[in-house]
Amino acid sequence: MSQFGLLGKRRFAPFFWTQALGAFNDNAFRNALVMLVAFQMGLDDQTVAIYTNLAPALFIIPFFLFSATAGQLAEKYEKSRIIRYVKLFEIAAMALAAYGFYTHHTSLLLVVLFMMGMHSTMFGPIKYAILPQALKSEELVGGNGLVEMGTQMAMLVGMIAGNSLMLVAGVGPLLASGATIAVAVAGYLASRRIPAAPATAPELKFNWNPFSETARVLGITRADRAVFNAVLGISWFWFFGTVLIAQLPIYTRETLGGDGSVNTLVLTLFSIGTGVGALLCEKLSGKRVEIGLVPLGAFGLTVFGVDLYLARHGMAATRGLDWLAFLHSPGSWRVVLDLTAIGVFAGFYVVPLFAFVQSRTPRERLSRVIAGNNIINALLIVMGSLFGLVLGRLGMNAATIFLLDALLNVLVAIYIFTLVPEFLMRFITWVLVNTLYRVRVDGMQHLPEEGPALLVCNHVSFMDPLLLMANLRRPARFVMYYKIFNVPLLHFVFRTAKAIPIAGGKEDPAVLQQAYDAIDAALADGELVCIFPEGGLTVDGQIAPFRPGLEKILARRPVPVVPLALRGLWGSVWSRRDSRLGRMRLPRRFRARVELVVDAPVPPQAASAATLEARVRELRGDLA
């Protein structure tokens with residue numbers, strides 16, 4: 001099923017529309033408030049500047065104060081019920097906003113802005129924690145992509161609607177009020193259709209102290225190093241995006257020479273690009289949580305960020321261009337391409353990170369980890385705002401700030417990928433496998449979602465471990481010949497993936513024993529372990545007899561055994577062919593169509609070398 005099929009499912013669609021309508025209202029209200037203060041109340045520039053700078057602070061403060069509390073609520077109580085209360089709160093806030101718009105009561109509107117910050121704060125941990133409960137594992141990336149796309153589009157339309165409605169002469173406040181109340185009511189009605197999402201930690205002891213609970217939540221977020229660094233990556237995305245979005249109005253006016261319609265155009269390009277990138281993640285990842293896309297996204301952000309500076313960085317010779325005149329000006333399409341591509345690669349970057357956090361964090365802690373993520377996000381958003389503000393005060397133009405943002409992205413990416421080599425390892429694996437092969441996977445639903453299992457697979461090419469690594473939905477420990485384990489470049493991949501080197505008993509008994517011990521320890525820890533029971537690559541395209549080593553593994557640690565079969569690899573890149581010299585010839589097929597078939601688990605008491613060999617032969621069919 002395509003990810004768009006989720007929009008027809010009750011377990012996803014009501015939540016999707018609830019969160020999208022909420023994102024719309026957040027942005028419609030904030031922009032309507034700015035338009036009212038800046039253009040309709042006759043205030044002087046200094047007063048307007050105070051309000052417009054105070055507004056973002058009031059919206060972000062609740063994330064620092066109440067995220068930890070929101071995380072507790074999302075785990076202790078049923079989530080759909082909390083969502084309905086949050087949406088009722090939104091209706092009340094928009095009703096107050098309507099009075100504030102009508103009476104031009106700016107103090108009340110700033111209170112409402114703080115309330116909308118609370119609305120987003122309380123909804124945040126539920127927004128991402130509910131997805132793993134509602135979606136299957138193979139739907140998680142697609143669901144996150146749709147949520148990111150919906151959020152971006154809703155934010156964009158909300159900004160445009162808030163600006164446009166408030167500026168309608170004579171009736172702007174009434175139109176803005178009516179629209180935001182109507183959308184809040186629609187969001188509440190949609191929330192009533194969200195299926196129940198049971199509490200994941202109902203026994204949780206509630207801590208009402210926001211400061212001590214914030215420290216506790218941040219500690220929980222840091223407990224898993226890989227998850228915490230994914231959170232840092234998400235927070236960096238918000239820093240990068242905050243700098244970009246904050247500078248766009250100045251960039252539009254000074255560098256592009258455009259009017260408000262051009263500012264809307266560039267916001268639209270970035271938002272559409274992010275939405276497209278988010279949706280493409282499911283296709284590129286094969287419906288897996290593929291963090292190999294994260295380095296690709298980071299690379300694209302820097303490349304197109306730098307090119308945006310190179311495309312145009314001086315002061316515009318002509319000012320006041322509308323969007324159509326801008327598109328006809330020299331070099332404009334390069335700017336269009338860069339802004340759209342930055343959005344696309346931003347989608348590649350952030351969607352897998354959210355899916356990674358959701359898939360790696362235990363359900364009973366996920367809401368609090370998301371709350372910790374939101375706290376760090378808020379901190380990085382503030383830092384991003386200060387970064388742009390300080391550089392602007394130092395005399396740098398918007399294009400130069402974009403350049404520094406893009407270059408700083410390189411340093412942050414190197415830092416994160418050095419701390420967690422798994423990101424870079426998955427990227428190398430993803431590039432190699434998708435360059436060399438076109439892979440079709442069948443039966444992945446048979447792979448256990450959790451708990452230990454022994455995977456057994458036929459061995460056709462030197463790329464088999466990477467091919468499996470790139471297509472299995474759960475990380476697996478691969479057992480491989482120690483000389484292949486030590487191949488340069490691939491050694492980094494295998495070591496990072498915690499592969500287990502093995503040798504023959506006559507070749508190196510110590511390495512063999514260490515391998516058996518490592519396999520048993522991995523299974524004891526609930527991990528997947530994959531072995532190639534033939535003991536080496538096929539030399540003629542046929543499956544060789546399975547060796548009894550797998551029986552020794554099961555005798556020591558009885559676990560379910562999942563048969564796998566690789567099809568279509570014989571004769572592809574890095575497969576071996578018979579020759580009189582016994583060497584690998586030049587491969588005949590590049591970008592070969594190959595298949596991975598996963599069979600139902602076999603109980604340990606029914607698993608033997610002979611029965612598993614017969615099963616893998618059956619799965620493989622007539623192809624190698």
Side-chain angles (χ1 to χ4, degrees), residues 2-32 59 74 79-80 82-91 93-94 116-117 119-131 133-135 139-165 176 178-195 197 238 241 245 267-268 270-279 281-282 343 346-347 350-351 354-355 358 370 374 377:
S2 164
Q3 60 193 11
F4 293 104
L6 292 172
L7 294 175
K9 303 290 184 182
R10 187 185 170 191
R11 58 193 169 90
F12 179 79
F15 166 75
F16 172 84
W17 291 113
T18 299
Q19 66 86 27
L21 291 169
F24 173 95
N25 251 7
D26 277 346
N27 287 272
F29 170 71
R30 279 190 287 169
N31 281 270
F59 187 82
K79 294 180 180 61
S80 66
I82 300 174
I83 291 174
R84 289 193 288 273
Y85 286 138
V86 170
K87 302 316 286 184
L88 287 172
F89 180 82
E90 181 187 355
I91 294 173
M94 291 301 95
M116 290 304 290
H119 162 269
S120 296
T121 300
M122 302 307 291
F123 191 71
I126 301 173
K127 175 178 178 178
Y128 290 104
I130 202 172
L131 288 178
Q133 289 183 264
L135 303 180
E139 296 171 335
L140 197 56
V141 174
N144 274 281
L146 285 170
V147 167
E148 185 64 29
M149 178 274 296
T151 300
Q152 290 293 328
M153 294 300 101
M155 290 170 61
L156 175 65
V157 176
M159 284 189 285
I160 295 172
N163 289 343
S164 303
L165 292 175
T180 52
I181 291 174
V183 169
V185 171
Y188 171 72
L189 294 176
S191 73
R192 293 187 62 84
R193 296 280 297 166
I194 298 174
W238 283 105
I245 298 299
L267 278 172
T268 302
F270 179 74
S271 298
I272 290 176
T274 304
V276 169
L279 294 177
C281 284
E282 185 188 54
V350 75
V351 169
F354 271 121
Q358 291 163 343
I370 296 297
N374 290 346
N377 288 176

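Computed from a prediction, not measured in an experiment: that's the story for all the values here.
No side-chain heavy atom of Met122 sits less than 4.5 Å from a side-chain heavy atom of Ile82. Using a 4.5 Å cut-off on side-chain heavy atoms (C-beta onward), Leu156 and Asn27 make no contact. The closest side-chain heavy-atom distance from Arg11 to Leu6 is below 4.5 Å.
Among all heavy-atom pairs drawn from Ile370 and Gly124, the shortest one is CG2-O, 3.7 Å. In this structure, Ile130 and Ile194 approach most closely via the heavy-atom pair CD1-CG2, 4.2 Å. Shortest non-hydrogen contact noted between Ala129 and Gln133 is O-OE1, 3.9 Å. The minimum heavy-atom distance linking Met116 with Ala93 is given by the pair SD-CB, 4.1 Å. Nearest heavy atom pair, residue Ser120 against residue Phe59, reads OG-CZ, 3.6 Å. Closest heavy-atom contact between Ala28 and Thr180: CB-CG2, 4.2 Å.
Here the CD1-CG distance, from Ile160 to Leu267, works out to 7.5 Å after rounding to the nearest 0.5 Å. Annotation: the span from Thr18 atom OG1 to Arg193 atom CZ amounts to 11.0 Å, rounded to 0.5 Å. With values rounded to the nearest 0.5 angstrom, Tyr188 atom OH is found 9.0 Å from Tyr85 atom OH. Distance CG/Asn144 to CE/Met149: 12.5 Å, rounded to 0.5 Å. In this structure, the separation between CZ on Arg30 and CG on Asn163 is 12.0 Å, given to the nearest 0.5 Å. To the nearest 0.5 Å, atom OG of residue Ser271 and atom CE of residue Met159 are 5.5 Å apart.
Residues meeting the ring pair (Phe, Tyr, Trp, His ring centres under 6.0 Å) test with Phe354, sequence neighbours left out: Tyr128.
Environment of CZ in Arg10: crowded, with over 12 heavy atoms of neighbouring residues, nucleotides or ligands closer than 6.0 Å.
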>> With salt bridge (charged side-chain N to carboxylate O under 4.0 Å, His left out) as the criterion, how do Lys9 and Glu139 come out once you've worked through the C-alpha distance, each side chain's angles and the decisive distance to 0.1 Å?
In response: CA-CA 12 Å; Lys9 303 290 184 182; Glu139 296 171 335; over 6 Å; no
> Does the side-chain contact (heavy atoms from CB on, under 4.5 Å) test come out yes or no for Leu131 and Phe12, once each step is laid out?
Replying inline: CA-CA 8 Å; Leu131 288 178; Phe12 179 79; 3.9 Å; yes
>> One pair to check against side-chain contact (heavy atoms from CB on, under 4.5 Å): Val351 and Leu279. What are the steps and the verdict?
In response: CA-CA 9 Å; Val351 169; Leu279 294 177; over 6 Å; no
>> Does Ile272 form a side-chain contact (heavy atoms from CB on, under 4.5 Å) with Gln152? I'd like the steps, not just the answer.
In response: CA-CA 7 Å; Ile272 290 176; Gln152 290 293 328; over 6 Å; no
>> The test is side chain to side chain donor-acceptor pair (under 3.5 Å); show your working for Gln19 and Thr151 and say whether it passes.
In response: CA-CA 7 Å; Gln19 66 86 27; Thr151 300; 2.9 Å; yes
>> Evaluate Phe15 against Lys127 for side-chain contact (heavy atoms from CB on, under 4.5 Å), listing each step before the verdict.
In response: CA-CA 8 Å; Phe15 166 75; Lys127 175 178 178 178; 3.9 Å; yes
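Cation-pi geometry between Lys87 and Phe123 is met: the NZ or CZ atom falls under 6.0 Å from the ring centre, inside 45° of the normal.
Thr274 contributes no side-chain N or O that, together with a main-chain N or O of Ala346, makes up a donor-acceptor pair within less than 3.5 Å. Checking side-chain atoms of Asn25 against main-chain N and O of Leu21 turns up no donor-acceptor pair under 3.5 Å.
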